[in-house]
J.: 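Before I ask anything, let me first share the structure, which is written out below as structure tokens.
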Amino acid sequence: MTDTPTEEAATQPSVEDLAERFRIARARRAEIALEDRSLKAVEKDVVWTLYEGRTWKQVGEILGFSGSRAEAIARGR
């Protein structure tokens, strides 16, 4: 994965204005949080789809973790 120009600006000392570096970092964190919520929604949908006709234990085995973790993901925990 490569850094975006925004990430590079926030993490490199080339942006000397510390307030600007802070704003850039905060904006990127907000973007990442939005992407994370979208991906969690995909995971949740996949888990619920796999659950149809299966037990939580079976879903967990398919995905490589416990049944209780599969159920927790499905319920948004």
Side-chain angles (χ1 to χ4, degrees):
M1 182 184 315
T2 61
D3 288 343
T4 65
T6 303
E7 284 176 281
E8 289 176 14
T11 59
Q12 299 301 316
S14 60
V15 177
E16 293 180 22
D17 181 344
L18 294 178
E20 181 62 16
R21 283 181 69 191
F22 179 86
R23 285 189 287 275
I24 291 168
R26 178 165 276 186
R28 183 62 185 128
R29 286 183 61 216
E31 291 170 11
I32 291 168
L34 180 61
E35 293 168 11
D36 186 54
R37 284 191 298 274
S38 296
L39 292 172
K40 283 183 180 181
V42 170
E43 290 177 347
K44 187 175 179 178
D45 183 56
V46 167
V47 171
W48 276 114
T49 301
L50 286 171
Y51 181 61
E52 294 174 14
R54 295 181 179 90
T55 65
W56 287 121
K57 181 179 178 183
Q58 290 169 325
V59 173
E61 288 172 354
I62 291 168
L63 297 174
F65 40 76
S66 70
S68 61
R69 181 66 191 129
E71 184 177 6
I73 291 169
R75 299 192 188 286
R77 295 180 269 175

J.: Considering non-hydrogen atoms only, spot the tightest contact between A74 and V47 and give its length.
T.: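 That closest heavy-atom pairing would be CB-CG1, 3.7 Å.
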J.: Identify, with sequence neighbours excluded, every residue that meets side chain to side chain contact (heavy atoms under 4.5 Å, CB included) alongside R69.
T.: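 Per chain and number, R69 pairs via side chain to side chain contact (heavy atoms under 4.5 Å, CB included) with F65, S66, A72, I73.
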J.: If you look at every heavy atom in G60 and A70, which pair is closest and at what distance?
T.: N-CB, 3.9 Å
J.: Using the salt bridge (Lys or Arg N to Asp or Glu O under 4.0 Å) criterion, which residues pair with E20? Sequence neighbours excluded.
T.: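 Salt bridge (Lys or Arg N to Asp or Glu O under 4.0 Å) check on E20 returns R23.
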J.: Please give the remaining members of the hydrophobic cluster of L39, linking ILVMFWY side chains under 4.5 Å, ordered by chain and number.
T.: none
J.: Does a side-chain heavy-atom distance below 4.5 Å link E31 with L34?
T.: no
J.: Please list, chain by chain and in numerical order, all residues satisfying salt bridge (Lys or Arg N to Asp or Glu O under 4.0 Å) with K40, sequence neighbours excluded.
T.: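 Per chain and number, K40 pairs via salt bridge (Lys or Arg N to Asp or Glu O under 4.0 Å) with D36.
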J.: Suppose we screen for salt bridge (Lys or Arg N to Asp or Glu O under 4.0 Å). Which residues come up paired with E35, at least two apart in sequence or across chains?
T.: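 E35 satisfies salt bridge (Lys or Arg N to Asp or Glu O under 4.0 Å) with R28 only.
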J.: Which pairs, with at least one residue in residues 20-39 and sequence neighbours excluded, count as a ring pair (Phe, Tyr, Trp, His ring centres under 6.0 Å)?
T.: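 Found none.
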J.: How would you list all residue pairs meeting ring pair (Phe, Tyr, Trp, His ring centres under 6.0 Å) that involve residues 29-51, not counting sequence neighbours?
T.: W48-Y51, W48-W56, Y51-W56
J.: The criterion is side-chain hydrogen bond (donor to acceptor under 3.5 Å, both in side chains); which residues satisfy it with R75, sequence neighbours excluded?
T.: E71
J.: What pairs of residues pass the salt bridge (Lys or Arg N to Asp or Glu O under 4.0 Å) test when at least one of them lies in residues 52-65, not counting sequence neighbours?
T.: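 Found none.
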